[in-house]
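Please read the structure below before turning to the comments.
Note that the structure is predicted; figures quoted are calculated from it, not measured. Here is how names work: the chains are called A, B, and so on, in the same order as the sequence lines, proteins then strands, and each is numbered from 1.
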Number of protein chains: 2
Amino acid sequence: MTRKQIINKFKKAIRNEQLKVTPQRVAVLDDLMDHPGHRECDEIFDDLRANDMKVSRATIYRTLDLLVKYGFAKKLNTGEGRSRFENRIDTHHHDHIICNKCGTITEFCNDEIEKIQIDICNDMDAQIVGHEHQLFVICADCRNN
Amino acid sequence: MTRKQIINKFKKAIRNEQLKVTPQRVAVLDDLMDHPGHRECDEIFDDLRANDMKVSRATIYRTLDLLVKYGFAKKLNTGEGRSRFENRIDTHHHDHIICNKCGTITEFCNDEIEKIQIDICNDMDAQIVGHEHQLFVICADCRNN
DNA sequence: ACTTTATTGAGAATGATTCTCAAGTAACTT
DNA sequence: AAGTTACTTGAGAATCATTCTCAATAAAGT
């Protein structure tokens, strides 16, 4: 999907809920797609302001909630005391490896783990709606100082 | 290990760092062991106060940090916007299944997953220092209303 | 353009956690 | 047992991320 198509999909999703398409909402999604990493509110805030957009933190949080709700973004907890968000369109599912020293976030995905998770939930007759899996490490770089 | 032995071990750990054994510190560990569940600061606070102990939230947080640091407790993030802590002595390692509807926390442990995690870290030459793995579900009870 | 209704920004409010600091207390010394 | 030193404590202020409030603004339909 091209970026334009993704944004159109988002616009459609918004209108579908009798919500309104605004420059701020589009800009947040655009920013998430510009930065494949894991971004926090203030990074997005600084970006948009740097691009001369009039926007408030409140609106960014509100928009991120929308994006998560409609499946365009994922909220993650990296144990830093604040949330990070990542674009979720056209990305394969993955979990995170976080270096406790330098903070670098690497991604991983393991089909076997994914499968076991589903089995565990099935066994207890629960419907899985999501998961969060983080490995905390001292990364290769940090180990070698 | 008996409870007395665990508490003695904690006292030893504390003294070993030139810190002091105080009634508040012991009481927090005691409370964690009284309640095998996953407790948050305010629950502990209410408990200790109910037991006529003079204690402040600040001290509870400070003590929980100590307990985590010395391996007597584990801090976990259940996605509620505050931390929970659990006793970590004499408990087998486990991860958590959290019902997004009723909030019930169930534990699980899967050796295969544990093994894969280690393999993943070894492959990238990182030293694993911890992990957090949560499955978010709608539990059997909630599914059947 | 006009109307309706959702959205916005600013700043206040919230809630969890951390910090400050004077008063208190553990533990060592005699 | 009393004195000394250094770590701890509680109260409340401070902080930080996030959410809320509300009057002003701007989509989208007519």
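With salt bridges taken as basic N to acidic carboxylate O contacts below 4.0 Å, none links A:Asp42 and A:Arg82. Under the 4.0 Å criterion applied to side-chain N and carboxylate O atoms, A:Lys69 and A:Asp65 are not assigned as salt-bridge partners. Ionic pairing of A:Glu86 and A:Lys74 is not present here: no N-O contact between side-chain nitrogen and carboxylate oxygen is shorter than 4.0 angstrom. Of the charged side-chain nitrogens involved, none lies within less than 4.0 Å of a carboxylate oxygen, so that A:Lys101 and A:Asp141 do not count as a salt-bridged pair.
In this view, B:Arg88 satisfies the side chain to side chain donor-acceptor pair (under 3.5 Å) rule with no residue, not counting sequence neighbours. By the side-chain contact (heavy atoms from CB on, under 4.5 Å) test, A:Thr22 is found to be paired with A:Gln24, A:Arg25, residues two or more places apart in sequence or in another chain being considered. Under the side chain to side chain donor-acceptor pair (under 3.5 Å) criterion, B:Arg62 pairs with B:Thr59, sequence neighbours left out. Shown here are the salt bridge (Lys or Arg N to Asp or Glu O under 4.0 Å) partners of B:Lys20, two or more places apart in sequence or in another chain: there are none. Under the side-chain contact (heavy atoms from CB on, under 4.5 Å) criterion, B:Ser83 pairs with B:Lys75, B:Phe85, sequence neighbours left out.
The aromatic rings of A:His38 and A:His96 sit perpendicular, their planes meeting at an angle over 60°, well past the 30° parallel limit.
Where A:Thr59 and B:Glu80 each meet DNA chain C at their nearest nucleotide, the meeting point lying more 5' is that of A:Thr59.
Using a 4.5 Å cut-off between side-chain heavy atoms of Ile, Leu, Val, Met, Phe, Trp and Tyr, B:Ile128 falls into a hydrophobic cluster with A:Ile97, A:Phe108, A:Ile113, A:Ile116, A:Ile120, A:Met124, A:Ile128, A:Leu135, A:Val137, B:Ile97, B:Phe108, B:Ile113, B:Ile116, B:Ile120, B:Met124, B:Leu135, B:Val137. Chaining together hydrophobic side chains whose heavy atoms lie under 4.5 Å apart leaves B:Tyr61 on its own.
Separating the CD1 atom of A:Ile14 from the C1' atom of D:dA28 is a distance of 13 Å, rounded to the nearest angstrom. For the pair B:Arg62 CZ and D:dG12 P, the interatomic distance rounds to 14 Å; values are reported in whole Å. B:Leu64 places its CG atom 10 Å from the P atom of C:dT17, with the value rounded to the nearest Å. In this structure, A:Glu17 atom CD and C:dT5 atom P are separated by 18 Å, rounded to whole Å. If you take CD of A:Gln18 and C1' of C:dT3, they are 17 Å apart, rounded to a whole angstrom. Separating the CG atom of B:Asp65 from the C1' atom of C:dA16 is a distance of 13 Å, rounded to the nearest angstrom. The CD1-C1' distance, from A:Ile60 to C:dG9, rounds to 11 Å in whole Å.
Within the structure, a side-chain polar atom (N or O) of B:Arg25 is placed less than 4.0 Å from OP1 or OP2 of D:dT8. For the OP1/OP2 pair of C:dG9 and a distance below 4.0 Å, the side-chain nitrogens and oxygens of A:Gln24 include at least one atom meeting the criterion.
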Pairs: protein N or O with nucleotides 26-29 of chain C N or O, under 3.5 Å:
residue: C:dA26; atom: O3'; partner: B:Val21; partner atom: O; Å: 3.4
residue: C:dA26; atom: N3; partner: B:Lys20; partner atom: NZ; Å: 3.2
residue: C:dA27; atom: OP1; partner: B:Arg15; partner atom: NE; Å: 3.2
residue: C:dA27; atom: OP1; partner: B:Arg15; partner atom: NH2; Å: 3.3
residue: C:dA27; atom: OP1; partner: B:Val21; partner atom: N; Å: 3.3

Between the protein and nucleotides 16-18 of chain D, list every N/O to N/O distance that falls short of 3.5 Å.
residue: D:dT18; atom: OP1; partner: A:Ser83; partner atom: N; Å: 2.7
residue: D:dT18; atom: OP1; partner: A:Ser83; partner atom: OG; Å: 3.2
residue: D:dT18; atom: OP2; partner: A:Tyr61; partner atom: OH; Å: 2.2
residue: D:dT18; atom: O5'; partner: A:Tyr61; partner atom: OH; Å: 3.1

Side-chain atoms of residues 7-19 of chain B: list all donor-acceptor pairs with protein atoms under 3.5 Å, sequence neighbours left out, distances to 0.1 Å.
residue: B:Asn8; atom: ND2; partner: B:Lys4; partner atom: O; Å: 3.4

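Taking all atoms of both residues into account, the shortest heavy-atom contact from A:Cys99 to A:Cys139 is SG-N, 3.4 Å.
The stretch residues 43-56 of chain A has no heavy atom under 4.0 angstrom from DNA chain D at all.
In the helix from C:dA1-D:dT30 to C:dT30-D:dA1, the terminal helix axes, each the rotation mapping four pairs' C1' atoms onto the next four within five end pairs, subtend 30°, rounded to 10°.
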